Amino acid sequence: MSTPDSRVVVCPGTFDPVTYGHLDVITRTSAMYDEVVVGVVNIPWRKGGTVFSAEERIGFIENAIRGVPNITVEAFSTLLVDFARLKGALAIVKGLRAISDFEYELEMNQLNHRQAPEIESVYLMASDKYSFISSSGVKELATFGGDIDDLVPGEVADALKERLGR
Ligand code: PNS
């Protein structure tokens, strides 16, 4: 339950679709702050579009985090820092897997910091068992009939197989 003193953070992403790696970062974040708002990017033309609609992507996350009381999920289609300000967030929290993530995240960090110096960015290192998972890798596996059952929740695996499987 949010109060005026709550320490709120935003975990942002496209989540097309959410993976166990994302869910690991989101739940670990929820153990450190009072309230976590998962911000799902809803900009249909960005990066060539998404496989799943924002409503579907939100539903997958909500079903996966059901029972964790301090996590909510919302779409946004503004600058990330404007969404974070709207939510009263003190920080943006993201996961980092490899050096390749670091380069992209350093750029995003500097962009975001320039727009909103009062909002800190915090990075959690991916747990070793999830450090190789990416949404794009999971989609590629699903397209060609690979095994994705250990990488995403069951309903996401089913939806991926239905939408992308050949
Ligand atoms: O890698 P992702 O999941 O597509 O990341 C999305 C997001 C919003 C976390 C990342 O693009 C970011 O930090 N963007 C900052 C710049 C911004 O506000 N862009 C507009 C919304 S995408």
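Nothing here was measured: the structure is a model prediction, and the numbers come from that model.
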Residues forming a ring pair (Phe, Tyr, Trp, His ring centres under 6.0 Å) with Y20, sequence neighbours excluded: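 Counting only residues at least two positions away or on another chain, Y20 forms no ring pair (Phe, Tyr, Trp, His ring centres under 6.0 Å).
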Set of residues satisfying ring pair (Phe, Tyr, Trp, His ring centres under 6.0 Å) with respect to F76, sequence neighbours excluded: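 Listed in chain order: F83.
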Which value, rounded to the nearest 0.5 Å, describes the distance between [X] atom [atom1] and [Y] atom [atom2]?
X	Y	atom1	atom2	answer
E74	N42	CD	CG	12.0 Å
Q110	S121	CD	OG	10.5 Å
E62	E55	CD	CD	11.0 Å
S30	I65	OG	CD1	8.5 Å
I43	W45	CD1	CH2	6.0 Å
T72	I61	OG1	CD1	11.0 Å

Side-chain contact test, heavy atoms from C-beta onward, threshold under 4.5 Å: evaluate it for [X] versus [Y] and give yes or no.
X	Y	answer
V36	V68	no
L151	L141	yes
I119	N112	no
V37	V8	yes
V9	T29	yes
V41	F15	no

E56 backbone acceptor or donor facing S53 side chain under 3.5 Å: yes
D34 (side chain) donor-acceptor with S6 (main chain) under 3.5 angstrom: no
Kindly give the heavy-atom pair with the smallest separation between [X] and [Y], and that separation in Å.
X	Y	value
A159	F52	CB-CE2, 3.8 Å
A157	I148	CA-CD1, 3.8 Å
H22	S135	CE1-OG, 3.3 Å
P153	L23	CG-CD1, 3.8 Å
S134	R97	CB-NH1, 3.0 Å
A84	I92	CB-CG1, 4.4 Å

ILVMFWY cluster, [X] and [Y] together (side-chain gap under 4.5 Å):
X	Y	result
M32	L90	yes
F102	L124	no
Y130	I71	yes
I99	L106	no
V73	F60	yes

Side chain to side chain contact (heavy atoms under 4.5 Å, CB included) partner of V138, chosen from L160, T143, V18: L160
Y123: which of V93, D101, L96 passes side chain to side chain contact (heavy atoms under 4.5 Å, CB included): L96
Run the salt-bridge test on [X] and [Y] with the 4.0 Å N-O cut-off and return the result as yes or no.
X	Y	result
D149	K161	yes
E35	K87	no
E105	K94	yes

R57-T14 side chain donor-acceptor pair, cut-off 3.5 Å: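 Short answer, no.
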N70 and Y33: side chain donor to acceptor below 3.5 Å: no
Residues K47, D16; criterion side-chain contact (heavy atoms from CB on, under 4.5 Å); working and verdict: CA-CA 11 Å; K47 287 186 179 174; D16 186 44; over 6 Å; no
Any chance [atom1] of [X] has more than 12 other-residue heavy atoms, nucleotides or ligands included, within less than 6.0 Å?
X	atom1	answer
E162	CD	no
K129	NZ	no
E140	CD	no

